[in-house]
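Single-structure report; data block below.
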Amino acid sequence: MALADLTDWFDDFDRPGFVWYIKRLSANDTLANNTHQAGPYIPKTFLFEVLPSLDSADIKNPDVWFDLYLDSHSDHKRVRAVYYNTRRRGEGTRDEARITNFGGRQSALLDPDSTGALTIFAFEVNGTETPSCHVWVCEHATEEDLIEERIGPVEPGQDMVWTPTVGRVGQGNSTTRTSCSLRDEEIPPAWLVRFPSGEEIIRMAVSLRSAAGLNPDARLVRRRSCEYELFQSVERAVYLPRIQAGFSSVEGFVGLAQSILQSRKSRSGNSLELHTRELFVEEGLRSMHEFQHKPIVENGKRPDFIFPSQAAYEDPAFPAAHLRMLAAKTTCKDRWRQVINEADRIQTKHLLTLQEGVSEGQFREMCEAGVQLVVPTGLHPSFPDAVRPHLMSLESFIADVRLSALTHESLLA
């Protein structure tokens with residue numbers, strides 16, 4: 001569908017009477033893992049709000065049927081929400097809610113190629129027991145950018161609830177850790193005057209989550225969670241008083257909203273590569289000698305990382321077999337193609353991502369284009385069985401960089 005259609009969709013459903021549940025589809029939500037799940041996971045607490053009759057122990061496994069319109073793909077299904085309540089009834093172990101009857105992989109919601117897609121479930125909450133639900137599954141990055149300009153970034157492993165009158169009101173299955181949230185008195189005073197940069201927040205996350213006893217993969221995931229919690233607490237301390245004070249003009253309100261969205265987008269866009277840079281230093285890789293962040297190569301291209309350096313890359317005598325590049329992209333569903341033309345001398349393009357799975361078809365495309373996925377070990381189970389053996393961990397990538405450097409040095413000796 002055209003972007004105009006998505007804009008019209010916003011007008012129809014971002015208004016009073018609707019509440020959105022937003023997430024990026026994981027491989028466990030779609031059928032990419034061949035796990036035969038009933039459909040995308042939606043927290044039962046949210047479903048109880050929009051379908052209150054589900055929240056019951058009086059009958060076994062209560063259910064509600066309702067109309068679901070997949071507007072992005074012109075599809076309509078009559079789906080079933082069911083609450084498996086045997087634990088609550090003392091009859092078993094299940095205590096979860098599911099939505100079923102999507103129709104298999106012919107539905108865009110279950111299509112393995114939709115893995116990683118930003119998706120909105122807009123539930124109508126008009127006081128009826130069986131509200132309809134309108135869904136938009138993004139097909140390309142431009143649609144995702146349009147949505148995130150309105151609501152802020154949505155990263156893999158996070159979900160959010162959005163209402164037109166309140167905005168972002170909560171997250172269900174968030175990967176954040178509350179232990180990194182700062183009380184007002186713990187926030188550096190300078191941060192309350194000037195909102196801190198991503199690097200400043202990451203430095204604090206590193207100080208709160210040391211390197212002791214954890215490999216680079218675990219450190220990356222743990223610190224990212226910590227950093228996001230830090231960011232939320234600072235954002236709350238800086239902007240909430242201004243919101244509560246009210247506005248004397250529409251322009252003032254819009255200006256503050258744009259500032260908040262821009263700071264969220266900036267954090268989300270740079271966070272992964274900044275954390276990765278910090279990890280390289282901790283792992284003993286020297287900047288400008290074993291790696292270089294944001295070098296400028298041919299035609300003004302700027303890959304996230306070159307190994308060992310831009311100088312080595314530009315030296316025709318330095319063997320291409322001992323060069324490496326790494327791109328860092330939180331999601332890779334469409335954005336992986338952006339790295340294909342970076343660093344022409346390097347045949348294999350390594351891509352670090354936090355996306356929770358890709359379809360086998362997408363993975364084949366990446367391999368054929370020379371892209372090697374680097375994924376933190378803890379996320380490997382979210383990928384299809386056939387893909388997992390071909391994933392590279394961040395720890396193994398760093399080991400490969402070291403081995404390549406040692407091999408080159410031995411050849412020169």
Could you tell me if the side chain of [Y] sits less than 4.5 Å from the side chain of [X], heavy atoms only?
X	Y	answer
Leu109	Ser114	no
Pro303	Val339	no
Phe102	Leu70	no
Val154	Glu148	yes
Leu352	Lys329	no

Shortest non-hydrogen separation from [X] to [Y] and the atoms involved:
X	Y	result
Tyr83	Leu54	CD2-O, 3.1 Å
Val234	Ile187	CA-CD1, 4.2 Å
His380	Met392	NE2-O, 4.2 Å
Ser181	Ser233	OG-CB, 3.6 Å
Val221	Pro376	CG2-CB, 3.8 Å
Arg222	Leu214	CD-CD1, 3.7 Å

Using side-chain contact (heavy atoms from CB on, under 4.5 Å) as the criterion, point out the one residue from Ile147, Ile120, Ile151, Val19 that pairs with Trp162. Ile151
Pick one: which of Leu47, Asp159, Val50 meets side-chain contact (heavy atoms from CB on, under 4.5 Å) with Tyr21?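 Testing Tyr21 for a side-chain contact (heavy atoms from CB on, under 4.5 Å) against Leu47, Asp159, Val50 leaves exactly one candidate, Asp159.
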Should [X] and [Y] count as an ion pair when the cut-off is N to O under 4.0 Å?
X	Y	answer
Glu356	Lys23	no
Arg223	Glu278	no
Lys333	Asp111	no

Could you tell me whether a side-chain N or O of [X] sits under 3.5 Å from a main-chain N or O of [Y], the two making a donor and an acceptor?
X	Y	value
Asn101	Arg78	yes
Arg264	Pro153	no
His76	Tyr69	no
Thr115	Ala27	no

Side chains of [X] and [Y] only: does a donor on one sit below 3.5 Å from an acceptor on the other?
X	Y	value
Asp29	Ser26	yes
His140	Asp334	no
Gln258	Gln262	no
Glu124	Ser132	yes

Determine whether Glu365 and Arg337 satisfy the following criterion, salt bridge (Lys or Arg N to Asp or Glu O under 4.0 Å), listing intermediate values before the conclusion. CA-CA 10 Å; Glu365 282 189 74; Arg337 292 182 175 85; 2.8 Å; yes
For Glu155, give me all partners under salt bridge (charged side-chain N to carboxylate O under 4.0 Å, His left out), at least two apart in sequence or on another chain.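 Here the qualifying residues are Arg224, Arg267.
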Tell me, with the steps shown, if Phe397 and Phe305 meet ring-ring contact (aromatic ring centres under 6.0 Å, His included). CA-CA 12 Å; Phe397 174 78; Phe305 298 97; 8.9 Å; no
Under the salt bridge (Lys or Arg N to Asp or Glu O under 4.0 Å) test against Arg88, which residue among Asp55, Asp58, Asp95 passes?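 Testing Arg88 for a salt bridge (Lys or Arg N to Asp or Glu O under 4.0 Å) against Asp55, Asp58, Asp95 leaves exactly one candidate, Asp55.
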Please work out which of the three classes, parallel, tilted or perpendicular, describes the rings of Phe307 and Phe291, given edges at 30° and 60°.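 Judged by the thresholds at 30° and 60°, the geometry between Phe291 and Phe307 is tilted.
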What do the steps show when you test Arg345 against Glu298 for salt bridge (Lys or Arg N to Asp or Glu O under 4.0 Å), and what is the final call? CA-CA 10 Å; Arg345 288 193 66 197; Glu298 58 272 316; over 6 Å; no
